Undergrad: 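Provided herewith is a single structure, encoded as structure tokens, for subsequent inquiry.
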There are 2 protein chains.
Amino acid sequence: MTDTAPHRGDRFDIAAPHRELLDQVLDKWSLAVLNELCERPARFSELRRAIPAVTQKSLTATLRRLERNGIVERVVLGTRPVAVEYRITALGKTLRPPVDIILNWIEAYLPSIEDARRRFDEAMDDEDGFGR
Amino acid sequence: MTDTAPHRGDRFDIAAPHRELLDQVLDKWSLAVLNELCERPARFSELRRAIPAVTQKSLTATLRRLERNGIVERVVLGTRPVAVEYRITALGKTLRPPVDIILNWIEAYLPSIEDARRRFDEAMDDEDGFGR
DNA sequence: CAGAATCCTATTAGATACTG
DNA sequence: CAGTATCTAATAGGATTCTG
């Protein structure tokens with residue numbers, strides 16, 4: 001369902017698999033999870049505590065997706081009170097530098113961008129009601 | 001609505017503005033638009049032709065968002081049969097290197113990731129029905 | 001040409017309850 | 001503990017129609 005699933009006009013979009021991967025790896029919760037797992041392996045419940053805003057459902061989905069893409073590894077520890085640990089893989093670690101670079105870009109330019117937003121929003125207010 | 005809009009459990013998520021910006025700048029169509037505008041300014045209809053899969057509604061929304069964030073600039077050319085040109089801004093250009101770096105990462109590791117997906121999907125087929 | 005407005009559907013994601 | 005299952009609310013996005 002995920003791969004090779006062009007949903008209509010996509011045959012001209014050569015970058016479609018790239019976009020898809022980008023979405024799967026930089027999606028809403030993946031970065032937070034990656035950030036945790038880059039420091040140390042963590043259990044499911046530890047991740048929930050580390051990322052309070054994520055729901056269990058979304059966390060499960062995020063981990064599955066990352067696991068499927070070979071970015072994280074799911075390790076069943078004991079079978080008694082079932083324990084599962086998530087670890088970043090070697091492949092996952094290669095993701096760190098590029099991600100850090102965008103995060104640094106954001107860090108650097110967020111103020112400029114917030115300025116731009118303010119200017120835009122004020123300009124909208126001025127010619128309010130109609131305009132544009 | 002966009003900035004400083006914590007939608008419930010987000011008060012602990014210090015990276016929220018970062019995530020939001022990431023979503024606005026690397027979203028589904030933004031990269032395609034950026035890619036076009038980095039080469040040359042383009043008119044609305046040119047962008048539609050260059051990115052056949054985008055609808056007019058989504059393209060409009062994408063351009064507005066990029067404009068609001070100061071990434072692209074909207075220039076009204078003539079007022080007769082109205083002509084509008086979109087250009088990348090200086091701020092927008094700074095986005096190029098980091099984006100290229102992730103795209104290069106994708107280019108480099110997509111095969112490994114597709115392998116991982118295959119392994120994952122096959123493992124799922126094996127313990128089919130139950131398991132996990 | 002460059003959109004705005006409207007309608008409508010599909011996918012996402014939250015809340016909630018339950019289980020090996 | 002580490003999830004699965006279900007239901008529902010919100011949202012994104014496509015198709016279509018209309019306009020300065």
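Quick caveat: nothing in here was measured; it's all calculated off a predicted structure. Each chain gets a letter, A, B and so on, in the order the sequences are listed, and its residues count up from 1.
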Undergrad: Under the ring pair (Phe, Tyr, Trp, His ring centres under 6.0 Å) test, which residues partner B:Y86, sequence neighbours left out?
TA: none

Undergrad: Does C:dG14 have OP1 or OP2 sitting under 4.0 Å from an N or O in the side chain of A:T55?
TA: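 It does, given that an N or O in the side chain of A:T55 lies less than 4.0 Å from OP1 or OP2 of C:dG14.
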
Undergrad: Starting from C1' on C:dA10, measure out to NZ on B:K28 and report it in whole angstrom.
TA: 12 Å

Undergrad: Does a side-chain N or O from B:Y86 land closer than 4.0 Å to OP1 or OP2 of C:dG3, or not?
TA: yes

Undergrad: Taking the side chain as every heavy atom from C-beta outward, state whether A:W105 and B:L95 have any pair of such atoms under 4.5 Å apart.
TA: yes

Undergrad: How far apart are the C-alpha atoms of A:R96 and A:D100, what are their side-chain angles, what is the distance that settles it, and do they pass the salt bridge (Lys or Arg N to Asp or Glu O under 4.0 Å) test?
TA: CA-CA 6 Å; A:R96 196 74 223 214; A:D100 280 346; 3.4 Å; yes

Undergrad: Does a side-chain N-to-carboxylate-O contact under 4.0 Å join A:R118 and A:D115?
TA: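 Yes.
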
Undergrad: Tell me whether the OP1 or OP2 atom of D:dA2 has a side-chain N or O from A:R74 closer than 4.0 Å.
TA: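 No.
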
Undergrad: For B:L47 and C:dC1, what is the distance between atoms CG and P respectively, to the nearest whole Å?
TA: 13 Å

Undergrad: Is the closest basic N to carboxylate O distance between B:K28 and A:D23 below 4.0 Å?
TA: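 Result for this pair is no, no salt bridge flagged.
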
Undergrad: Return no unless some side-chain N or O of B:S58 is found under 4.0 Å from OP1 or OP2 of D:dG14.
TA: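 Yes, within the criterion.
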
Undergrad: Quantify the bending of the helix from C:dC1-D:dG20 to C:dG20-D:dC1 as the angle between its end axes, each fitted on five pairs, to 10°.
TA: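 That helix gives 50° between its end axes.
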
Undergrad: Just how far, in rounded Å, is C1' of C:dC7 from CD of B:Q56?
TA: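 Rounding to the nearest Å, CD of B:Q56 and C1' of C:dC7 are 14 Å apart.
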
Undergrad: Would you say B:R43 reaches C:dA2's phosphate, i.e. side-chain N/O to OP1/OP2 under 4.0 Å?
TA: yes

Undergrad: How many whole angstroms separate atom CZ of B:R49 from atom P of C:dA2?
TA: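 Atom CZ in B:R49 sits about 8 Å away from atom P in C:dA2.
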
Undergrad: Where each residue is assigned the nucleotide of DNA chain D containing its nearest heavy atom, which of A:T60 and A:P81 is assigned the position nearer the 5′ end?
TA: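 First, find each residue's nearest nucleotide; the 5'-ward one identifies A:P81.
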
Undergrad: To the nearest Å, give me how far apart CG (B:L63) and C1' (C:dA4) are.
TA: 15 Å

Undergrad: What is the distance from CG of A:L77 to P of D:dA2, rounded to the nearest Å?
TA: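 Taking atom P of D:dA2 as the reference, CG of A:L77 is at 9 Å.
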
Undergrad: Say you draw a straight line from NE2 of A:H18 to CD of B:E107; how long is it, rounded to the nearest 0.5 Å?
TA: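 A:H18 atom NE2 to B:E107 atom CD measures 3.5 Å (nearest 0.5 Å).
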
Undergrad: If only side-chain N and O atoms of A:R64 are considered, is one of them under 4.0 Å from the OP1 or OP2 phosphate oxygen of D:dA2?
TA: no

Undergrad: I want to check one thing: is the phosphate of C:dG3, taken as OP1 and OP2, less than 4.0 Å away from some side-chain N or O of B:R48?
TA: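 For C:dG3, OP1/OP2 do not have a side-chain N/O of B:R48 under 4.0 Å.
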
Undergrad: Toward the 5' end of DNA chain C, which comes first, B:S45 or B:K57, by nearest nucleotide?
TA: B:S45

Undergrad: Please report, rounded to the nearest Å, how far the P atom of C:dT19 is from the CZ atom of A:F44.
TA: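 A:F44 atom CZ is separated from C:dT19 atom P by 18 Å.
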
Undergrad: Rounded to the nearest 0.5 Å, what separates atom CD in B:E85 from atom CG in B:L47?
TA: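 Nearest 0.5 Å value for the CD-CG distance: 10.0 Å.
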
Undergrad: Atom CG of A:L59 and atom C1' of C:dA15: how far apart are they, to the nearest Å?
TA: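 It is 16 Å, rounded to the nearest whole Å.
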
